[in-house]
Amino acid sequence: MNNMFLTILIFAPLLGVLALLFIPKTNEKLIKLVGFAATLPSLIFAIIAFWQYKAGAGLEQFAVKAEWFSFGNKEAMQNLYGIELYQPISYELGIDGFSLVMILLTAVLSTLAAIASIHIKKEWKGYFILFLLLQIGMLGVFASENLLLFFFFFELTLIPMFFLIGKWGYFEKENAAYRFLIYNGLGSAILLIVFVILFAKTGTMNIADITYLFHSGNDALIGGMTDDFRLGMLIALLVAFGIKLPIVPLHSWMLKVHVQAPPSIVMLHAGVLLKIGAFGLIRFGVGIFPEQFGQLAFVLAILGVVNLLYGAFLALIQTDFKMVLAYSSISHMGIVLIGLASMNEAGVQGAIFQVVSHGFIAALLFFLIGVMHERVGTTSIEKLGGLAKVMPLTAGFFLVGAMASLGLPGMSGFVSEFLAFLGLFNEMPVVAAVGTLGIILTAAYLLRAVMGMTFGKTPVYGEKVVDIRGVEFIPVVAMLFFIVLIGVYPSILAEPLQATIEAIILGIGG
Amino acid sequence: MTTVPLSAYLVLALILFCIGLYGALTKRNTVIVLICIELMLNAVNINLVAFSKFGINPSITGQVFSLFTITVAAAEAAVGLAILIALYRNRKTVNIDEMNTLKN
Amino acid sequence: MVQNLLESSPSWTNFFIFFGLATALLLAVLGFVTYGILAERKVMGFMQGRMGPNQVGGSWGLLQTVADVLKLLIKEDTIPKDADRPLYILAPVIAFTPAFLVLAAIPFTDKFQFADIGVGLLYYIAISGITTVGVVAAGWASNNKYSLLGGMRAAAQMISYEVPLVMSVIGVVLLAGSLNLNEIVASQGETTWFILLQPVAFLIFMIASVAELNRTPFDLPEAESELVAGYHVEYSGFRWAFFMLAEYVYLFAMASLTTVLFLGGWLAPFGGFLDFIPGAIWFALKFSIVVFFLIWIRVTFPRLRADQLMEFGWKVLLPLALANIFFTAIIKELFFK
Amino acid sequence: MNLLNLYQNNYLIVVVFLALGVLLPVVALAIGRLLRPHKPSAAKQTTYESGIDPFHDSRVQFNVRYYIFALLFVIFDVETVFLYPWAVAYEKLGIFALIEMLIFVVMLLIGLIYAWKKKVLKWI
Amino acid sequence: MDLDTLLSFEWGAMAPEFIILGVITLLTLLDLFMPKDIDRRILGWIGFAGILAAIVFVVLSYFDEGGVTSILFETYRLDSFAKGFKLLLLAGSALVMLMAVSYEPKEGLKEYRGEFYYLLLAGTLGTMFMASSGDLITLFVGLELLSLSSYVLAGLRKKNLKSNEAAMKYVINGGIATAITLFGMSYVYGLTGTTNLLEMQQVLMQTRAGDMQFLLMMAFVMMFVGLSFKLATAPFHMWAPDVYQGSPTPVTAFLAVVSKTAGFVIIARLFITLFLMTPAAEGQNSMLFSLKDMIAILAVVSMVVGNAVALRQRNVKRMLAYSGIAHAGYLLVAISSINLLFLFETMWFYLAAYLLMNIGALAVLQVLTSKDDSEDLSQFAGLYRRSPVLAVLMSIFLLSLAGIPGTAGFIGKLGIFVGAITEPSKAYVLASVLIATTVISYFYYFGIMTQMFFRPAASQEKITVPVGIWITVILCALGTIALGIMPGLALDFYNGNLDVLKDFFAPGR
């Protein structure tokens with residue numbers, strides 16, 4: 001059973017896809033129900049895994065490995081080199097604390113986003129099929145123990161996203177979809193190059209094996225890769241994941257997506273997909289090339305601060321609330337970079353915390369935007385105002401979300417920002433000092449935006465505006481619960497992450 | 001008069017081939033283009049027969065090859081002309097420049 | 001002497017000697033044409049119960065053709081205004097040259113032969129095909145509807161009958177195992193005349209060669225009643241004469257070839273006892289019979305319709321020729337291996 | 001060297017015949033030019049069309065059958081390219097070549113039947 | 001040679017060829033003598049059955065333990081290479097045949113329908129001979145059998161001007177290409193004195209460097225250039241878009257897939273056999289290696305030109321033609337990297353994937369365009385509304401063409417990519433161009449998908465899909481997905497049954 005555990009966890013939504021194929025497309029209710037229900041098995045499995053892990057069980061029990069296919073003429077390899085130069089590529093899944101947390105995050109957000117999908121107006125069938133495929137992709141990325149499998153799932157997120165943005169998005173949806181596709185396509189192309197070079201050099205695609213070979217200190221095992229070459233590879237990885245994350249010069253696509261995509265999809269996008277960048281950077285960048293990562297730490301720190309400040313400054317002048325949040329995401333991803341760049345326990349912990357925490361916060365805010373847009377038909381700060389009067393609860397949730405986002409103590413944002421900056425202050429105090437400016441700016445732009453919306457003169461909204469209600473409460477409450485939980489009881493995250501972080505720190509040599 | 005050296009045949013073939021290629025690429029009349037292609041194929045025949053008689057390892061195979069070349073050249077010309085006639089009936093031209101219905 | 005000459009290294013001297021000899025042959029051929037035409041007219045006359053030419057050069061009309069030639073020579077030569085001038089002038093030459101060129105390969109006797117080419121038969125067939133180009137060129141260059149139609153018809157007919165002609169000969173080649181005309185004659189000496197071994201081939205060959213020569217009953221290209229005079233409507237004077245000349249030189253060549261291929265060339269009939277008569281005489285005799293036969297055909301048969309002509313070539317002669325080839329090959333494989 | 005000479009001389013003869021074949025018309029026509037009158041007039045130089053004034057372009061478009069016969073000729077004439085060497089060397093090749101050639105010719109015969117059934121062999 | 005020699009040949013090796021030849025003859029005669037009013041589609045099905053029978057025999061030959069069978073004095077070799085690629089060629093033709101059965105152009109095919117089928121088979125026969133010929137002459141004859149059939153096929157719509165022009169352009173370009181190839185071949189023959197490939201290899205191996213190098217090099221380049229026409233790689237691709245556009249769609253599929261596969265087959269056969277072990281000038285010990293930069297440049301140009309120009313196309317057939325040029329470029333990457341551990345396998349797999357996805361895409365195109373005789377991009381608008389299944393299947397093909405994971409196209413590209421990077425001299429640049437141009441290709445592949453899913457349909461008319469097309473499309477889609485998710489199916493089959501590397505260089509049996 002345990003062998004199939006992860007496979008079922010990842011591919012459970014496929015059942016939903018199959019079921020949906022046979023439901024007539026006019027049956028709206030059933031489609032939505034099935035779409036929602038199909039996200040549940042993964043959630044349940046993720047919770048079971050987390051619970052078992054908390055109870056002290058090892059995660060190795062979940063690992064699964066089966067031969068998938070192999071390249072190259074084996075006999076000729078044997079004849080020419082005496083060994084099989086290239087090992088078969090396996091289907092191998094496995095989790096550690098970090099990926100478990102990410103899977104849980106994904107499963108939770110997927111379920112919540114499925115609930116949020118009630119606002120989708122057309123073609124629910126196609127929507128949910130793509131949604132579920134996206135979920136498979138996201139779950140798979142975190143559980144892959146194999147470079148090629150990772151790439152498979154990585155790309156699997158790409159195609160459904162393209163359609164979800166392009167078909168169900170807002171006005172400039174196609175443009176946004178294309179930008180998303182090309183930027184990410186380029187990113188994954190670079191990623192593929194790196195992966196295949198790794199395969200060519202080491203003869204295996206297993207991540208753990210590659211990491212081991214790179215750490216063994218024997219250059220012959222990794223095809224005599226020079227240090228410069230490794231640095232080049234890391235930079236390539238940085239670009240590949242930097243597009244996803246996004247790091248500042250490569251971010252323009254992400255703004256479009258945040259603004260144009262339907263809210264439920266943006267929840268997933270901001271909550272999970274951006275984090276794949278961070279996940280990959282930690283997994284491959286820090287994991288395989290720790291020394292080179294150290295060399296780049298300063299650059300990364302600078303990039304992180306630039307991200308932080310750039311995002312914050314631009315968020316300050318946006319008139320559209322979605323744009324504010326989009327830039328805020330850039331700004332927050334800067335904190336991830338800062339944490340990673342510090343290369344010490346606190347920093348890395350902060351980075352990972354930020355990944356999780358921002359996942360919930362961004363999802364919450366975008367969900368609220370969806371709710372609001374549904375009622376008032378606009379997200380422009382200038383056209384909004386006095387929401388506190390017409391939609392008091394929504395306005396209140398907005399305020400709480402903003403507080404979490406700007407790092408109010410007691411909420412998850414605080415913990416992660418605190419840890420990340422703590423880490424960086426130990427290593428590069430000057431850079432960190434500049435970075436803290438960003439925190440202040442965050443407060444400024446978020447409060448400006450939220451205040452502008454909730455208070456002030458109430459414009460005339462078209463119809464009778466109703467407040468948040470019914471099932472819409474579930475995602476809000478659930479996400480707030482997690483935000484506060486992490487904020488007040490960080491060790492719920494810290495414990496599972498402990499082993500991973502230790503391994504990373506060991507690799508860095510810090 | 002003595003035997004003509006191999007190189008002379010090769011040079012002749014090369015010249016013929018180049019003339020044919022030049023014609024095939026520059027002429028506008030399709031019939032002439034087809035004839036130029038024939039010229040190129042005949043250059044090949046000269047090569048083959050010359051090699052089979054005076055080559056490094058003379059063998060009859062070259063002549064056999066040239067027979068096949070001749071046949072193929074004939075078949076190609078036949079097919080080419082047939083298609084040209086079909087085209088001419090619809091388009092009333094044999095001019096390559098005027099074959100321009102196919103474009104984006 | 002000739003053998004020595006042939007074995008000496010080629011040079012300009014050789015060239016001129018050959019030139020002289022060839023000129024002699026040319027004169028002989030011209031002589032043949034002169035009297036061939038006369039003979040044809042006479043024979044036709046007799047067969048049709050009339051006299052034929054009987055004024056010029058005595059009661060036999062011996063100088064009739066000479067007079068005709070002289071007349072042609074001093075006749076005004078007009079070239080139509082709209083004609084394609086270079087091609088118009090070139091066409092008779094293209095038509096005539098191959099006719100003379102083929103004679104080089106024909107062995108009249110075992111000694112009397114100009115070029116003993118290994119692939120003599122192939123040479124004959126290849127060269128003779130060129131004449132068609134001259135005919136089409138003449139038709140095209142004249143810029144006249146009759147000419148063009150005549151030229152095209154001539155070309156269509158010639159190529160249609162070239163195929164069975166070429167195929168019918170393969171039977172002979174199969175038996176002789178060679179394309180060399182000398183060897184073909186020699187192998188007839190070993191067995192017997194191929195007219196006996198290859199009657200079907202001979203028949204096809206004769207029919208096809210009549211068609212190739214554009215003679216009645218296959219003279220559609222120049223059918224006066226339909227096309228005025230076919231491809232040479234616009235030609236006059238000596239230019240026209242060359243088309244006629246080509247036709248009669250071909251008659252000469254074709255008759256020679258028939259003799260060589262089917263009638264044993266210069267060999268005496270009935271084994272060796274008639275060997276005392278020189279080969280040249282035998283050859284001349286057989287040759288004359290063939291020529292007479294051709295003239296006979298001309299007088300006897302009416303002209304075919306165009307469609308009958310073409311269909312006969314493709315639907316009867318070609319399959320027949322192919323069948324003959326394989327019949328011969330199988331017989332040879334089964335009984336003479 | 002003798003054989004080579006023999007070979008080359010034989011082809012020299014062919015060249016001689018070629019030269020003579022071209023020379024005769026050229027010379028005859030050149031001599032003819034001295035003898036014959038030359039009084040061109042517009043009427044003489046018009047195209048002959050049974051006495052009436054020529055009309056239309058004489059290079060009319062032909063019936064396509066002419067071309068189809070040309071194509072047929074090309075195909076069957078080239079067939080002989082294979083038949084001749086086969087016939088010459090038949091004694092050495094034997095039954096295998098016979099069968100091969102049979103297959104080959106049957107294929108071509110199908111081509112002929114094809115043309116036949118498609119009514120290509122019909123004149124006009 | 002007598003009857004005994006004749007009977008001593010293992011004619012069974014040629015069974016697939018004999019079947020196809022027999023079916024061609026049968027179809028020709030049936031077409032001629034069947035009454036006019038009988039629908040000729042039945043002939044297409046007979047042809048399809050014939051191809052299936054041939055496939056069965058090819059597959060049966062896999063279980064032969066005898067290794068290489070060569071008959072007719074080494075002119076015909078049935079080695080693993082031939083077996084492997086013949087399967088592809090036949091499978092491709094079978095699918096094209098299914099498309100052809102369902103083909104119905106605007107003005108109808110009338111009496112040419114029968115010809116369509118047996119010409120397709122004749123072309124296939126040519127490709128099969130190319131795959132298993134051990135001699136330059138048979139190689140050439142096979143090539144020409146294919147070429148001549150495809151010339152006629154391209155012009156099959158006699159009354160359609162575009163079809164006429166396509167055929168004419170194809171004849172001219174093909175003729176020039178043939179002549180160039182042949183000229184190269186004549187030099188190779190002249191320098192070796194034989195036309196048997198393996199004997200040539202032996203002779204060429206002994207040529208000393210500097211000795212006749214120049215002529216040999218010239219021969220190499222000429223043959224490659226000539227065959228590049230066949231492959232439609234830039235800069236010898238000019239004909240491809242026009243011909244693809246003008247030809248009937250099944251013929252386009254035949255040219256794009258079967259003919260291209262055959263082109264790669266002949267290139268692999270010819271160049272690897274002849275030039276891999278031929279010493280080159282300047283101390284290099286392989287002419288193929290010394291000239292691989294040339295191939296690499298052609299590959300780069302093809303990938304860039306194919307993908308870049310495809311961006312500008314509004315005619316989907318032309319777009320697919322340019323995409324085909326790009327795909328040929330990808331395959332040239334495999335050839336230019338000459339990584340023998342991977343070359344045959346990846347080429348085979350890529351061609352299999354390309355076969356499935358391209359035929360599938362063209363089959364869908366055929367359904368959509370037959371009605372209006374227009375192949376404009378807008379024909380695809382709103383396909384999702386009109387026929388969701390067709391739209392989804394089409395997107396599978398497009399995703400595969402774009403090389404998205406989960407489809408056969410990705411694994412194929414990955415194989416080439418791995419091959420290029422793992423070869424000794426590391427074609428990083430080449431591999432990077434491959435990947436970069438792939439990303440460019442997303443634009444136009446997704447452009448079609450944009451039309452299908454995002455745009456409203458011009459007409460709400462239901463699309464009727466003929467049964468042949470259904471079979472083709474579904475088979476192709478299943479294959480594309482299956483090979484994409486479980487590439488092991490094909491790769492293990494290939495590696496388990498065929499040992500190309502050993503057979504390819506083994507002289508005789």
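Each chain gets a letter, A, B and so on, in the order its sequence line appears, and its residues count up from 1. Hydrogens, waters and symmetry mates are skipped; everything else that's a heavy atom, side chains included, is used.
At a threshold of 4.5 Å between non-hydrogen side-chain atoms, the residues E:P405 and A:F153 do not count as touching. Residues A:Y86 and E:V418 form no side-chain contact, since every pair of their non-hydrogen atoms from C-beta on lies 4.5 Å or further apart. Residues E:Y428 and A:I193 are not in side-chain contact: their nearest non-hydrogen atoms beyond the backbone lie 4.5 Å or more apart. No side-chain heavy atom of E:L414 sits less than 4.5 Å from a side-chain heavy atom of A:F151. Under the 4.5 Å side-chain criterion, counting only non-hydrogen atoms from C-beta, E:Y442 is not in contact with A:L186.
For A:E123, the part lying under 4.5 angstrom from a heavy atom of chain E is the side chain only. Neither the backbone nor the side chain of E:L343 comes within less than 4.5 Å of any heavy atom of chain A. Interface residue E:F443: backbone and side-chain heavy atoms are both found under 4.5 Å from chain A. Heavy atoms of A:I159 lying under 4.5 Å from chain E belong exclusively to its side chain. Interface remark: A:F199 contributes side-chain atoms only to the contact with chain E (heavy atom separation under 4.5 Å). Contact of E:L489 with chain A is not made at all, since no heavy-atom distance falls under 4.5 Å. Proximity to chain A is absent for every atom of E:F349, based on heavy atoms less than 4.5 angstrom apart. Residue contact with chain E, scored on non-hydrogen atoms closer than 4.5 Å, involves the backbone and the side chain of A:F163 alike.
The candidate from E:Y494, E:F417, E:F453 with the greatest count of non-hydrogen atom pairs under 4.5 Å with chain A is E:F417. The greatest number of non-hydrogen atom pairs below 4.5 Å with chain A, out of E:T346, E:I411, E:I440, is found for E:I411. The candidate from E:D492, E:T438, E:I435 with the greatest count of non-hydrogen atom pairs under 4.5 Å with chain A is E:I435.
Atom-to-atom distance recorded for E:T450:OG1 and A:F162:CZ is 4.0 Å, nearest 0.5 angstrom. Atom CG of A:L181 sits about 7.0 Å away from atom CD1 of E:I404, to the nearest 0.5 Å.
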